[in-house]
There are 2 protein chains.
Amino acid sequence: MSSTHLSIGDLSRATGTKVETIRFYEKNGLLPQPGRTQGNYRAYEPAHLNRLSFIRRARDLGFSLDQVRALLTLSDDRSHSCAAVDVIARAHRDEVERKIKDLQSLKTVLDQVIESCHCNIVADCAIIESLAPASQGS
Amino acid sequence: MSSTHLSIGDLSRATGTKVETIRFYEKNGLLPQPGRTQGNYRAYEPAHLNRLSFIRRARDLGFSLDQVRALLTLSDDRSHSCAAVDVIARAHRDEVERKIKDLQSLKTVLDQVIESCHCNIVADCAIIESLAPASQGS
DNA sequence: CTTGACCCTATAGCGACTATAGGGTGTATA
DNA sequence: TATACACCCTATAGTCGCTATAGGGTCAAG
Ligand SMILES: [Zn+2]
Ligand SMILES: [Zn+2]
Ligand SMILES: [Zn+2]
Ligand SMILES: [Zn+2]
């Protein structure tokens, strides 16, 4: 392998991505197919590393693979308006906001349920009671 | 079907659970197999309805199916200490708490990223820049 | 007697990986 | 030179919690 080419392991180490995940991104059209060595090893260019870093960063920020694909396409069209980028980012932020709210009200209920358990045996357990619809007799 | 028996559709309507989901719970050992009618229809007892309500309530609270299975087993052993119930509930609450924190710091970053976009074209877009590792040239 | 609502099984799909089986390649060392 | 070992390859199946589809059977009403 020439010094300008990177193996899949190099990309893996450089980005903290599992090798299988990199192949998965390729199979799913997020990462373009690289050239191959004589031994059929993938031989990446630095641009591949940049692209993979982009993907991972976007994934870290919680964007879906579909959103990442869209962001990549947009980022390739450098002269295009970035309005579409903004739309994707805001949609994602709104979703994160919704999830936070959902989890917060969930936690409130869980706190109440857990707090209410001052018992010893399951028959009297307020946690179990809070799950059961009525007196169970199965 | 006798009036004391419930069809899968009855359970579905009573709990807001899709029919396929009920069969899925049965296949995965959460809901015991009911009797069958002459026409091979599932014929549920009221106890099944209670159990399904329990499952759904626990799922609404975000417990995993494994956790629900454990809670069901514990709730069947009425004389047992409820310490194990407490452990499951607290573990779940802690996880929810962690997720909230993760999403909150995620949202902070997303807010910053979105806020920083005052541009017009992708080439200058701060959102794209925040994803890219360096200047891209692929 | 046919329509239509309901039910059955079995299987595949979702998202985003992860893991396994069963091999091939390339290099360092005994 | 043998061989050990790290690394790479493909293809396929598994994870979770459903959901959807295909291709049928059952049952009551009109
Ligand atoms: Zn090249
Ligand atoms: Zn208790
Ligand atoms: Zn019965
Ligand atoms: Zn912008």
Is B:Arg78 salt-bridged to A:Asp124, going by a charged N under 4.0 Å from an acidic O? no
C:dG24 base / A:Tyr41 side chain donor-acceptor hit below 3.5 Å: yes
Rounding to a whole Å, what distance do you find between A:Glu20:CD and D:dT15:P? 17 Å
Quick one: do B:Arg69 and B:Asp66 make a salt bridge, cutoff under 4.0 Å? yes
Looking at CZ of B:Arg59 and OG1 of B:Thr17, how far apart are the two atoms once the value is rounded to the nearest 0.5 Å? 11.0 Å
Figure out the NE2/P separation between A:His5 and C:dT25, and round it to whole Å. 20 Å
For B:Phe63, answer base if it contacts any base atom (sugar-phosphate contacts may also be present), sugar-phosphate if it contacts only those atoms, and nothing otherwise; contact means non-hydrogen atoms under 4.0 Å. nothing
Would you mind writing out the side-chain donor-acceptor pairs for residues 95-107 of chain A within the sub-3.5 Å range, not counting sequence neighbours?
from: A:Ser105; atom 1: OG; to: A:Lys101; atom 2: O; distance (Å): 3.2
from: A:Ser105; atom 1: OG; to: A:Asp102; atom 2: O; distance (Å): 3.1
from: A:Lys107; atom 1: NZ; to: A:Asp111; atom 2: OD2; distance (Å): 2.7

Ranking C:dC17, D:dG17, D:dC8 by distance to the side chain of A:Val19, first place goes to D:dC8
In Å, rounded to the nearest 0.5 Å, how long is the span from CG of A:Leu30 to OH of A:Tyr25? 7.5 Å
Between atom NZ in B:Lys18 and atom C1' in C:dC7, what is the gap in whole Å? 17 Å
Tell me whether the side-chain N/O atoms of B:Tyr25 come closer than 4.0 Å to OP1 or OP2 in D:dG17. no
Which whole-number value in Å describes the distance from A:Phe24 CZ to C:dG15 C1'? 7 Å
Using the C1' atoms of the five pairs at each end, what is the angle between the end axes of the helix from C:dC1-D:dG30 to C:dA30-D:dT1, to 10°? 30°
Before accepting this row, confirm whether a basic side-chain N of the pair B:Arg90/B:Asp94 lies closer than 4.0 Å to the acidic partner's carboxylate O. no
Interface polar pairs with nucleotides 10-13 of chain D, N/O, under 3.5 angstrom:
from: D:dT10; atom 1: OP1; to: A:Arg36; atom 2: NH1; distance (Å): 3.3
from: D:dT10; atom 1: OP1; to: A:Arg36; atom 2: NH2; distance (Å): 2.9
from: D:dT10; atom 1: OP2; to: A:Arg42; atom 2: NH1; distance (Å): 3.0
from: D:dT10; atom 1: OP2; to: A:Arg42; atom 2: NH2; distance (Å): 2.8

Rounding to a whole Å, what distance do you find between B:Leu11:CG and C:dC6:C1'? 15 Å
Given DNA chain C, 5'-ward residue of the pair A:Thr21 and B:Gly39, judged by closest heavy atom: B:Gly39
